[in-house]
Structure formats: C-alpha cells, structure tokens
Amino acid sequence: ATERCNQIMLSTETEKRELQLEAKEQMHQEHTKSAEELKRALNEKETEIEKLKETYCKNKEGSATKIEELERRQDLLLKGKSAAENENDKLNNTMSLRDETIKALT
C-alpha cells in the first residue's frame, strides 16, 4: 500500500509538472502572439505616420506656393492702385489748371 501511495504521489507530481510546463508553454505562446500583434500594430501606425508626414509636407509646399502667388498678385494690385492714384492726381491737376484758365478767361 505504501508503494502504491508513493506511485500515486509520484504520478501526481509528474502530472503537476507537466501541467505547469504546459501552462508555461501556453503563456509563452500567448506572449509571443501578443508581441507579434503589437509589432504589427506598431508597424501599421508607423506607416500611417509616414503617410501623414508626406501629406503634411505636400500640403505645406502647396500652401507656400499659393502664398507666394497671392503675394505676387497683391504686389501687382498695389502697383496698379498706385499707378491709378498717380493718374488721378495728374487728371485732378489738369482739371484744376483748366478750371483756373476758364475762370481767368471769363
């Protein structure tokens, strides 16, 4: 009976070790799977970030080009406005001289 008891205890200890080993292996597999999923997710996010950076750079370049074009147009408008104001001044002077000449003649 003692020998049978020892065999049962030995068998129980063996089963316990096997279960512990299986549990450790399962935990290792789950950890590895989780790590792989995290790496995959990280790679996807890094790819997404790179695409966003590219889009940002393209938009920034496009905005800079638009700003330069708007500044160029503004300069042209200001030059046109200045030329028109100068022309108005000349016409006002001419009209003023004409009015004075008419007054002097009458």
Side-chain angles (χ1 to χ4, degrees):
T2 304
E3 189 175 311
R4 178 75 180 133
C5 185
N6 285 339
Q7 285 179 345
I8 291 174
M9 285 183 62
L10 182 61
S11 175
T12 303
E13 283 296 317
T14 302
E15 285 180 27
K16 180 180 170 184
R17 285 189 195 125
E18 286 176 359
L19 288 173
Q20 286 175 339
L21 182 60
E22 284 177 19
K24 283 182 181 179
E25 286 177 9
Q26 186 177 5
M27 284 177 48
H28 177 70
Q29 288 173 351
E30 288 174 5
H31 174 74
T32 301
K33 183 179 176 183
S34 294
E36 288 172 357
E37 288 174 357
L38 286 173
K39 282 182 186 178
R40 188 171 28 258
L42 179 61
N43 287 337
E44 288 173 3
K45 290 298 178 187
E46 286 175 349
T47 301
E48 186 178 338
I49 288 170
E50 286 303 314
K51 287 179 182 178
L52 288 172
K53 283 180 182 178
E54 289 173 14
T55 301
Y56 170 77
C57 288
K58 287 178 185 176
N59 288 342
K60 186 176 178 183
E61 290 171 6
S63 294
T65 302
K66 287 178 184 177
I67 289 170
E68 289 171 3
E69 178 63 20
L70 290 172
E71 287 173 343
R72 187 185 67 77
R73 288 181 184 184
Q74 182 182 22
D75 286 343
L76 289 173
L77 289 172
L78 289 174
K79 287 177 184 175
K81 179 183 175 188
S82 178
E85 287 173 348
N86 288 338
E87 188 64 28
N88 279 343
D89 288 344
K90 287 180 188 177
L91 290 172
N92 284 335
N93 286 338
T94 302
M95 292 296 288
S96 214
L97 285 172
R98 191 180 122 212
D99 288 345
E100 287 177 19
T101 302
I102 291 173
K103 280 183 185 179
L105 292 173
T106 56

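Side chains included, hydrogens not; waters and symmetry mates left out as well; all remaining heavy atoms used.
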[atom1]-[atom2] distance between [X] and [Y], expressed to the nearest 0.5 angstrom:
X	Y	atom1	atom2	answer
M27	Q20	CE	CD	11.5 Å
K60	I67	NZ	CD1	10.5 Å
L91	N86	CG	CG	11.0 Å
R40	L42	CZ	CG	12.0 Å
E13	N6	CD	CG	11.5 Å
Q29	Q26	CD	CD	7.5 Å

Could you go through K24 and H28, starting from their C-alpha distance and side-chain angles, then the distance that decides it, and tell me whether this counts as side-chain contact (heavy atoms from CB on, under 4.5 Å)? CA-CA 6 Å; K24 283 182 181 179; H28 177 70; over 6 Å; no

Is it true that a side-chain atom of S34 and a backbone atom of E30 form a donor plus acceptor pair closer than 3.5 Å? yes

Hey, does the side chain of S11 reach the backbone of Q7 with a donor-acceptor pair shorter than 3.5 angstrom? no

Test side-chain contact (heavy atoms from CB on, under 4.5 Å) applied to E100 and S96, step by step: CA-CA 6 Å; E100 287 177 19; S96 214; 4.2 Å; yes

Answer yes or no: is there an ion pair linking R72 with E68, defined by an N-O contact shorter than 4.0 Å? no

Are K45 and E48 close enough for a salt bridge, meaning some N to O gap below 4.0 Å? yes

L19 side chain reached by E22 side chain, heavy atoms, under 4.5 Å: yes

Among all residues two or more places apart in sequence or in another chain, which pass the salt bridge (charged side-chain N to carboxylate O under 4.0 Å, His left out) test with E50? K53

